[in-house]
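Report on the structure given below.
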There are 4 protein chains.
Amino acid sequence: MSYNEKQVQIMETAEELFAMNGFGSTSVRQIADKAGVNLAMISYYFGSKEKLIEALVDYRMSHVRLTLENLLKDDSLTPLQKMNLLVTEYVDRIVQRHHFYKIMVTEHMLDKNSEITVKLLKMKQRNTEVLQQIISEGQQKKMFRKDVDIVMLMSVMVGTSNHALVNREFYRTYHKLEHLSEDEFITLLKQRVTEEIKAIFKAQLTYEG
Amino acid sequence: MSYNEKQVQIMETAEELFAMNGFGSTSVRQIADKAGVNLAMISYYFGSKEKLIEALVDYRMSHVRLTLENLLKDDSLTPLQKMNLLVTEYVDRIVQRHHFYKIMVTEHMLDKNSEITVKLLKMKQRNTEVLQQIISEGQQKKMFRKDVDIVMLMSVMVGTSNHALVNREFYRTYHKLEHLSEDEFITLLKQRVTEEIKAIFKAQLTYEG
Amino acid sequence: MSYNEKQVQIMETAEELFAMNGFGSTSVRQIADKAGVNLAMISYYFGSKEKLIEALVDYRMSHVRLTLENLLKDDSLTPLQKMNLLVTEYVDRIVQRHHFYKIMVTEHMLDKNSEITVKLLKMKQRNTEVLQQIISEGQQKKMFRKDVDIVMLMSVMVGTSNHALVNREFYRTYHKLEHLSEDEFITLLKQRVTEEIKAIFKAQLTYEG
Amino acid sequence: MSYNEKQVQIMETAEELFAMNGFGSTSVRQIADKAGVNLAMISYYFGSKEKLIEALVDYRMSHVRLTLENLLKDDSLTPLQKMNLLVTEYVDRIVQRHHFYKIMVTEHMLDKNSEITVKLLKMKQRNTEVLQQIISEGQQKKMFRKDVDIVMLMSVMVGTSNHALVNREFYRTYHKLEHLSEDEFITLLKQRVTEEIKAIFKAQLTYEG
DNA sequence: AATGAATGAGGGTTCATTCAT
DNA sequence: AATGAATGAACCCTCATTCAT
């Protein structure tokens, strides 16, 4: 549960390499070299390559849980404001942790029934519950429509933002945004993706459209 | 350009395994075994594992081009109808070829500058042009809004449908659709995804919302 | 015994590649490609890679036999003149057929008891007999010394000329002969090697020194 | 630069097999088997088959340098005595290390521009310089002739001794020396080759002939 | 007579992991 | 607690050769 400096270093290096080359195409030697640690240390600390990625998932997920739950309790926000905040936070997070989310998307697609699939499923369930609660609240307050497909909405949010991020160079070229610095561009993209999803959510959830 | 029976067999087996296990975690031996062909035949026909996946991309992409262009020429359709048709066809296609599209998503994420990245880029450009033309037509006819972010719309369509497909088991469980046969369920999911994207497109493109 | 055009083409291509890369590091595919013939044709015509090199040896050796025997019969030449002529012809031959002689030297060194070793031995025996006869003639005419080590003389001739040829670029650089054309240089080198060996032979065979 | 027991074992086994079968016809599996080490160990220690032969060249060459330079400094020896000593040492060395010198001769003939070619060239240059110094000394002392072709002399020495060694069985048979033990025969051959080259050198270098 | 298709065997190399220290 | 040395297994690929046509 608690990782020392070397372990974190290994996990973060692995994260980058897995995101860049894929899990199967990344060797533990590469990771050891890039992290500047002894090859045997990876097996020593994590047991195996598979366990390493599982540890990484734990490591990254453990930081996520709290934010969402705080959101729910805040009584000063309307359900729509909560939804908007949730979108903002989600997009923020995948932009900041894009390496990790790349890996998650990739692993999600594979057929293997690993620990990771299980962890991923749990996270999805937790997230869906939060969404469910916000939406139920909105429906009780007659602000949201009755017929809302939550899972579909999540697909819109997760799918759109992931794709937009992966597709960012195409976006940049198409919209002739090469003059922006990487940071400026990412900030802009993040904004637009967030607004897009908010707009979709508003249209689908509320009566105003 | 033209592949014989054995070659197609190899490519389709590879497609399945790449989709299931990832490119890097699939060995040519696995492919050969599953396809029931001699190991050396894969190198013989395709040269290398890398070339095999490139051939697969060519093979799958070559069938796609025509449908889109025919869509454009049809004068009996309104721009919105064209958009709706395009969505329907896209979702149809990725459901039918979900193995292939899984691979494409995965490869798209990797940093490697392979032939595949190039082919993928070309396809995206072609698709964007078609979308562009339909939307321009709609704008000229005062049916569509002026400020439309095409690339963002594509991210919505591609991202949402990909994610919905990958996430299908969660969707099924959440909505308690286990009583449906696989085919029935997929048909239902396809319908809902298509309607979702159509709704989003309509809201974003037209004035009615 | 008699080879058609394609066969000769294959053998001569093989000769070049064997000389350049070594027998074991040359593949039949390389030969087929470079010779511009079908891969299967090599097995078809020669049976195997091993048989191909044997055929090459036959092919190249069959042209050699006659010249030497004519030399012996010429009564107008003194034994020393015959020796000189023999040296000239030998050096000429290995320069002209340097690819082939490279292969022979290489094969000669290997421990394998192949057909080639046998053929090579026969050629050596034939050559030694000729040398023996000339020298015996010289000894009978009191022109040559009694104590002559024929095999050692052959080692001097064969070893020196082979090495000089292989070492030719070093020779060229050391003696600053880069201004000469390849042909001019080879002619010069041939001359010098020939004179060197003649001088050694004269010193070792005759009483004058 | 410094090799452990296993590494030496591998290099010496490789040396023998390369000399017997040629580099290209020797597999790393053969080497591993014969050396009694794990297959992977060869890559582990040397990186590749190519690097293995390079390491071998370094290993064998590193022992050679000193002897020659000590020769030069000895003031009690005449230039001719130095030349004789040099011949003796050279023949000794190639007899003792005949496997290695076989490999060198073979590699020398190939067209590949490898590290080995470079190392070989450097060694030749060093050796030529030593020879040059001895001969210059002899010329200054009016003991040696002015017109001496050093590189040609080296070709005589190197070529003759190599060939004599490779041709040893023919020599043995021709001179009916089968009654000698292998050691006795080699000692005899070494003696004769050495005397032969000394005689040639004396005749070519001095005025006496 | 000649060849495209095919293959079993083996090539060199890298893999993730273990183990003695 | 940490690591250099080592390895069995598997990697992708190429080999020389065969065979149906």
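Every chain is numbered from 1, with letters handed out A, B, ... down the list of sequences. Only this structure's heavy atoms are used, side chains among them; waters, hydrogens and symmetry mates stay out.
- Contact annotation for C/Tyr45: backbone-only contact, meaning every heavy-atom pair under 4.0 Å involves sugar-phosphate atoms and none involves a base.
- A 6.0 Å sphere centred on NZ of B/Lys112 holds more than 12 heavy atoms belonging to other residues, nucleotides or ligands.
- Between the C/Ser62 side chain and the C/Tyr59 main chain, a donor and an acceptor come within less than 3.5 Å of each other.
- Remark: C1' of F/dA5 and OH of D/Tyr3 are 18 Å apart, rounded to the nearest angstrom.
- Atom CZ of residue D/Phe23 and atom OG1 of residue D/Thr106 lie 12.0 Å apart, to the nearest 0.5 angstrom.
- Between the CZ atom of A/Phe46 and the P atom of E/dT17 there is a distance of 13 Å, rounded to whole Å.
- As rounded to whole Å, 13 Å separates atom P of F/dA5 from atom CD1 of D/Ile10.
- Rounded to a whole Å, the CG atom of C/Asp33 is 12 Å from the P atom of F/dA16.
- With hydrogens and angles ignored, the 3.5 Å screen pairs a side-chain donor or acceptor of C/Thr117 with a backbone N or O of C/Ser114.
- If you take CD1 of A/Ile31 and C1' of E/dC15, they are 12 Å apart, rounded to a whole angstrom.
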Practice problem: Dot-bracket notation for DNA chain F is requested: 5' to 3', Watson-Crick or G-U wobble pairs only, both distances under 3.5 Å, with ( ), [ ], | and . as defined. | Solution: .||||||||||||||||||||

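- For residues 4-13 of chain C, every residue pair satisfying the salt bridge (charged side-chain N to carboxylate O under 4.0 Å, His left out) rule, not counting sequence neighbours, is listed here: C/Glu12-C/Arg60.
- When rounded to the nearest whole Å, the span between CD1 of B/Ile53 and P of F/dC12 equals 13 Å.
- If you take CE on C/Met11 and OH on C/Tyr45, they are separated by 11.0 Å, rounding to the nearest 0.5 Å.
- Between the CD1 atom of A/Ile42 and the P atom of E/dC15 there is a distance of 12 Å, rounded to whole Å.
- Look at CD on D/Glu5: it is 15 Å from C1' on F/dA5, rounded to the nearest Å.
- Side-chain atoms of A/Gln7 come within 3.5 Å of backbone N or O of A/Asn4 as a donor-acceptor pair.
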Restricting both atoms to N or O, compile the protein contacts to nucleotides 11-13 of chain E shorter than 3.5 Å, with distance only.
unit_1 : atom_1 : unit_2  : atom_2 : d
E/dG11 : OP1    : D/Ser27 : OG     : 3.2
E/dG12 : OP1    : D/Thr26 : O      : 3.4
E/dG12 : OP1    : D/Val28 : N      : 3.3
E/dG12 : OP1    : D/Lys49 : NZ     : 3.2
E/dG12 : OP2    : D/Val28 : N      : 2.9
E/dG12 : N7     : D/Arg29 : NH1    : 2.9
E/dG12 : O6     : D/Arg29 : NH2    : 3.2
E/dT13 : OP2    : D/Lys49 : N      : 2.8

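- Contact detail for D/Val28 and D/Ile42: the closest heavy-atom pair is O-CD1, 3.6 Å.
- In terms of position along DNA chain F, the nucleotide closest to A/Met41 lies nearer the 5' end than the nucleotide closest to the other residue of the pair D/Asn38 and A/Met41.
- For F/dT7, neither phosphate oxygen OP1 nor OP2 lies less than 4.0 angstrom from any side-chain nitrogen or oxygen of D/Tyr44.
- Distance CD1/C/Ile94 to CG/C/Asn162: 4.5 Å, rounded to 0.5 Å.
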